[in-house]
Amino acid sequence: MAPRLDFSDWWAKDTRKGTPVVVKMENPNYSVVEIDGPDSAFRPVEKSRGKNAKQVTWVLLLKAHRAVGCLTWLGTVFWSLLGTIKKRLSFSHSLGSEKLGRDRWLFTSIKLFLALSVLILGFEIVAYFSGWHYFQNPNLHIPISTLEIQSLLHLVYVGWLSLRADYIAPPIKALSKFCIVLFLIQSVDRLVLCLGCFWIKYKKIKPRFDEEPFRNDDAEGSGFVYPMVLVQIPMCNEIEVYEQSISAVCQLDWPKDRILVQVLDDSNDESIQQLIKAEVAKWSQKGVNIIYRHRLVRTGYKAGNLKSAMSCDYVEAYEFVAIFDADFQPNPDFLKLTVPHFKDNPELGLVQARWSFVNKDENLLTRLQNINLCFHFEVEQQVNGVFLNFFGFNGTAGVWRIKALEESGGWLERTTVEDMDIAVRAHLHGWKFIYLNDVKVLCEVPESYEAYKKQQHRWHSGPMQLFRLCLGAILTSKIAIWKKANLILLFFLLRKLILPFYSFTLFCIILPLTMFVPEAELPVWVICYVPIFMSLLNILPAPKSFPFIVPYLLFENTMSVTKFNAMVSGLFQLGSSYEWIVTKKAGRSSESDLLSIAEKETPNRNQLLRGVSDSELLELSQLEEQKQAKKPVKKTNKIYHKELALAFLLLTAAVRSLLAAQGVHFYFLLFQGVTFLLVGLDLIGEQMS
């Protein structure tokens with residue numbers, strides 16, 4: 001019969017009945033249990049009682065098994081990492097490595113710093129095992145005369161401590177305080193931008209236009225008068241994506257007689273040129289007003305291409321120009337959502353749409369890029385567009401008033417950021433900009449670290465080069481003083497110069513340096529609390545990316561070496577500052593679209609080829625065969641010297657922090673060093689042969 005459970009002990013704890021009974025078992029493998037009441041058998045037994053030798057042995061064996069399993073897992077991971085490193089290094093000649101060129105100065109400086117750090121670390125390890133634990137209290141200055149010198153090495157070590165405290169620590173402290181001030185200023189700027197974005201969301205502020213902006217009762221026929229729009233698609237050897245961009249632009253919902261599509265091909269590969277010509281001819285057969293242009297003299301990169309296209313005589317008949325890069329696919333209603341904003345707004349020069357990324361979930365690298373770009377569009381450009389009517393043109397997915405381009409001097413070939421150049425000059429001439437966060441244009445982000453690094457180098461060297469060129473024009477312009485201050489202090493200095501400077505200097509140079517000079521140690525809130533808070537702000541526009549906040553923080557610090565190098569190259573006009581490399585596309589965004597287009601086009605193929613001559617038909621068939629037979633080029637990963645050198649530097653500093661028992665500093669340096677190692681071995685992003 002089951003025992004009766006009652007709760008009488010709640011109100012009658014002292015009225016228990018029964019005689020205490022002690023039960024002893026002769027078997028020594030069992031524990032002794034004392035029962036002092038009828039309900040004692042059902043009360044929990046203290047964990048400290050009732051354990052014999054066999055139970056303790058089993059517990060210890062279980063813990064040992066878990067420890068061995070953990071060590072085995074760590075060993076497997078470490079061995080796999082070593083195997084990957086060995087494989088990458090052994091095939092470094094065949095895989096290729098980063099070309100340093102004139103940027104070798106930074107790599108040389110990092111190598112010297114690394115060698116010095118390893119030397120000091122060895123010295124500190126010898127001192128640690130010799131019992132000279134003076135660095136555990138770096139603020140305690142002990143005179144050399146009061147110490148008992150044990151050996152010559154001891155004398156050298158004590159002299160190093162004195163030199164470190166008196167001459168090395170003060171300048172490091174001054175530099176770290178300067179970088180911390182810049183860090184806090186930039187953090188306040190980010191916070192203000194986020195507050196502005198919250199205000200826009202709360203008030204539901206966004207640009208609007210009339211429901212029927214092109215209605216004209218005096219017009220004949222439909223009663224609508226649409227402005228003339230020129231659409232330009234600049235491209236260069238982008239065989240992976242040219243089809244979907246041309247297809248998307250040719251399907252824009254706009255009267256056929258009021259739109260002209262210019263395919264501006266700068267490809268130097270004749271086979272690619274023929275493929276693009278065939279694509280243009282195909283859409284021309286369908287009645288689309290589209291032309292193909294190819295420059296014989298390819299100077300000025302994208303700016304030169306656009307400048308050449310705008311010099312055509314027929315451009316005078318058009319009022320607006322929309323620009324799309326080769327991997328962009330606008331929706332059919334793009335022009336009807338952007339062009340109406342120009343009506344009854346003669347001061348408006350640019351309408352910019354937002355980018356949407358089709359491959360943002362392809363790998364870790366694309367996810368981290370999505371976080372950065374979402375903050376750029378959702379926060380930076382939207383806030384600047386609403387409150388300042390100015391932001392940097394993104395180079396694509398925007399509509400310009402041609403009059404604004406002409407009055408601002410047109411496209412110039414003096415920098416690699418022609419989009420930012422024309423935006424700054426248009427702002428100085430009084431033109432206003434509008435940003436549409438709700439209008440999104442499909443595109444893709446780089447999937448390999450090599451392509452992403454080259455893109456970031458151009459995006460950070462060009463603004464510094466432009467700053468040198470237009471500083472005088474900003475100071476002498478007739479715009480308001482606060483607009484000049486915004487351009488110089490916020491747009492250029494804070495967000496283009498200070499950000500990469502303090503990020504690289506503080507977290508990649510000063511932090512590991514303070515491990516060897518503990519008198520200048522950085523506070524925990526600088527390396528932990530504030531960066532995490534800023535990362536949370538950056539990740540707010542992309543809440544689904546919240547699980548990647550730690551990789552995002554570490555990767556942004558890793559990218560600071562590329563951004564810092566690019567910033568210095570642009571500021572001091574080094575060799576790589578005017579280097580334009582087309583960002584490599586994967587063409588993943590075209591798969592679903594091309595399938596749907598192919599289904600629509602298959603029934604009409606015979607009708608399309610009726611008006612084609614025999615020679616053109618033969619050429620088209622040869623191009624299709626060549627495209628199908630063309631094998632993909634075997635791509636290889638690279639090894640990046642600067643990232644690897646910084647990885648070993650940070651890991652060396654992590655070992656030094658371990659000697660001083662600095663918990664937060666050690667973990668930050670360890671994880672940051674591993675991140676640099678993974679990036680230096682090109683283990684992030686698309687993995688290639």
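Residues take their numbers from the sequence shown, with the count starting at 1.
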Q: Looking at S245 and A326, would you say the former's side chain and the latter's main chain have a donor-acceptor pair under 3.5 Å?
A: yes

Q: Are the side chains of S560 and C508 in contact, using a 4.5 Å heavy-atom criterion?
A: yes

Q: Where is the tightest heavy-atom contact between A397 and Q352, given as atom of each residue plus distance?
A: O-NE2, 3.1 Å

Q: So do the side chains of K642 and L106 get within less than 4.5 Å of each other, counting heavy atoms only?
A: yes

Q: Taking atom CD1 of I481 as the centre, does the number of heavy atoms from other residues, nucleotides or ligands within less than 6.0 Å exceed 12?
A: no

Q: Taking the side chain as everything from C-beta on, heavy atoms only, tell me whether L260 gets closer than 4.5 Å to V231.
A: no

Q: Where do K282 and E243 land on the salt bridge (charged side-chain N to carboxylate O under 4.0 Å, His left out) test, with the steps shown first?
A: CA-CA 11 Å; K282 181 182 73 173; E243 282 185 280; 5.1 Å; no

Q: For Q381 and N394, does a side-chain donor sit closer than 3.5 Å to a side-chain acceptor?
A: yes

Q: First locate atom CD1 of I498, then atom CD1 of I185, and finally report the distance between them rounded to the nearest 0.5 Å.
A: 6.5 Å

Q: Going by distance alone, is a donor N or O of one side chain under 3.5 Å from an acceptor N or O of the other, for N389 and E347?
A: no

Q: In plain terms, say whether R425 and E407 are close enough for a salt bridge, that is, a side-chain N and a carboxylate O under 4.0 Å apart.
A: no

Q: Does any non-hydrogen side-chain atom of V351 lie less than 4.5 Å from one of Y435?
A: no

Q: For residues 535-544, tabulate all N or O donor-acceptor pairs below 3.5 Å that involve a side-chain atom, not counting sequence neighbours.
A:
unit_1	atom_1	unit_2	atom_2	d
S535	OG	P531	O	2.8
N538	OD1	R190	NH1	2.7
N538	ND2	Y552	OH	3.1

Q: Can you name the residues that form a side chain to side chain contact (heavy atoms under 4.5 Å, CB included) with L469, not counting sequence neighbours?
A: R414, T415

Q: Give every donor-acceptor pair under 3.5 Å between a side-chain atom in residues 306-320 and any protein atom, sequence neighbours left out.
A:
unit_1	atom_1	unit_2	atom_2	d
S311	OG	S308	O	2.5
Y314	OH	Q262	NE2	2.7

Q: Just by distance, with hydrogens left out, do E279 and Y242 show a side-chain donor and acceptor under 3.5 Å apart?
A: no

Q: If I compare all heavy atoms of F393 with all of G398, which pair ends up nearest, and what's the gap?
A: CE1-CA, 4.1 Å

Q: Do other residues, nucleotides or ligands put more than 12 heavy atoms under 6.0 Å from the CZ atom of F546?
A: no

Q: With distance as the sole test, does S284 use its side chain to make a donor-acceptor pair with the main-chain N or O of V280 at under 3.5 Å?
A: no

Q: Which pair of non-hydrogen atoms, one from A353 and one from V441, has the smallest distance, and what is that distance?
A: CB-CG2, 4.2 Å

Q: Looking at Q456, R458, H457, M464, which hits side-chain contact (heavy atoms from CB on, under 4.5 Å) with H460?
A: Q456

Q: Is there side-chain contact between K360 and R367, with at least one heavy-atom pair below 4.5 Å?
A: no

Q: Locate the shortest heavy-atom distance separating C179 from F501; write the atom from each residue and the value.
A: SG-CE2, 4.3 Å

Q: When rounded to the nearest 0.5 angstrom, what distance separates CD in E240 from CD in E444?
A: 8.5 Å

Q: Residues in salt bridge (Lys or Arg N to Asp or Glu O under 4.0 Å) with K277, at least two apart?
A: none

Q: For the backbone of T366 and the side chain of N363, can you confirm whether one donor and one acceptor N or O come within less than 3.5 Å of each other?
A: yes

Q: Give a yes or no answer on whether the side chain of D327 reaches the backbone of V241 with a donor-acceptor pair at less than 3.5 Å.
A: no

Q: Any luck finding a side-chain donor-acceptor pair between N359 and E447 under 3.5 Å?
A: yes

Q: Would you check if there is a donor-acceptor pair between the side chains of Q251 and S247 at a distance under 3.5 Å?
A: yes

Q: List the steps and the verdict of side chain to side chain donor-acceptor pair (under 3.5 Å) for D257 and N289.
A: CA-CA 8 Å; D257 59 336; N289 193 11; over 6 Å; no

Q: Do F328 and W355 have their ring centres less than 6.0 Å from each other?
A: yes

Q: Carefully, step by step, assess F555 and L365 under the rule side-chain contact (heavy atoms from CB on, under 4.5 Å).
A: CA-CA 9 Å; F555 182 70; L365 178 61; 3.5 Å; yes

Q: Before giving the answer on side chain to side chain donor-acceptor pair (under 3.5 Å), spell out for Q273 and N268 the whole-Å C-alpha distance, their side-chain angles and the decisive distance to 0.1 Å.
A: CA-CA 8 Å; Q273 295 177 22; N268 54 8; over 6 Å; no

Q: Please check if the side chain of N384 supplies one atom and the backbone of E380 the other of a donor-acceptor pair under 3.5 Å.
A: yes

Q: Shortest non-hydrogen contact from P234 to K302?
A: CG-CE, 3.9 Å

Q: Would the distance check show the side chain of W254 and the main-chain N or O of D333 forming a donor-acceptor pair, the cut-off being under 3.5 Å?
A: no

Q: Got L487 and H427 here, is their nearest side-chain heavy-atom distance under 4.5 Å?
A: yes

Q: Hey, what do you get for CH2 (W400) to CZ (F342), rounding to the nearest 0.5 Å?
A: 9.0 Å

Q: Once rounded to the nearest 0.5 Å, what's the spacing between atom OG1 of T558 and atom CG of L553?
A: 9.5 Å

Q: Can you give me the closest heavy-atom contact between V399 and A322, atom names plus distance?
A: CG2-CB, 4.0 Å

Q: Would you say the side-chain atoms of R401 pair up with the backbone N or O of L348, donor to acceptor, closer than 3.5 Å?
A: yes

Q: Do the non-hydrogen side-chain atoms of V679 and Y449 ever get within less than 4.5 Å of each other?
A: yes

Q: So which pairs with a foot in residues 471-500 pass side-chain hydrogen bond (donor to acceptor under 3.5 Å, both in side chains), sequence neighbours left out?
A: D189-R495

Q: Just so I know, are the side chains of P332 and L252 near enough to count as touching, which here means a heavy-atom distance under 4.5 Å?
A: no

Q: With the threshold set at 4.0 Å, does a side-chain nitrogen-carboxylate oxygen contact exist between K403 and E406?
A: no

Q: Any side-chain to backbone donor/acceptor pair from N305 onto L264? Under 3.5 Å, distance only.
A: yes

Q: Between the side chains of D265 and S267, is a donor N or O closer than 3.5 angstrom to an acceptor N or O?
A: yes

Q: Does any N or O in the side chain of R354 come within less than 3.5 Å of the main-chain N or O of F377, such that one atom is a donor and the other an acceptor?
A: no

Q: Rounded to the nearest 0.5 Å, how far does CD1 of I233 lie from CD1 of I276?
A: 10.0 Å

Q: Give every residue pair that meets the side-chain hydrogen bond (donor to acceptor under 3.5 Å, both in side chains) criterion with at least one member in residues 191-207, sequence neighbours excluded.
A: K201-E378, K206-D438

Q: Give a yes or no on whether K563 atom NZ has more than 12 heavy-atom contacts from other residues, nucleotides or ligands under 6.0 Å away.
A: yes

Q: Dump the intermediate steps for side chain to side chain donor-acceptor pair (under 3.5 Å) on Q369 and Y452, then the final yes or no.
A: CA-CA 9 Å; Q369 292 180 70; Y452 179 63; 5.3 Å; no

Q: Decide if the gap between the ring center of F491 and the ring center of F391 is smaller than 6.0 angstrom.
A: no

Q: Can you tell me how far the CG atom of L499 sits from the CZ atom of F504, to the nearest 0.5 Å?
A: 14.0 Å

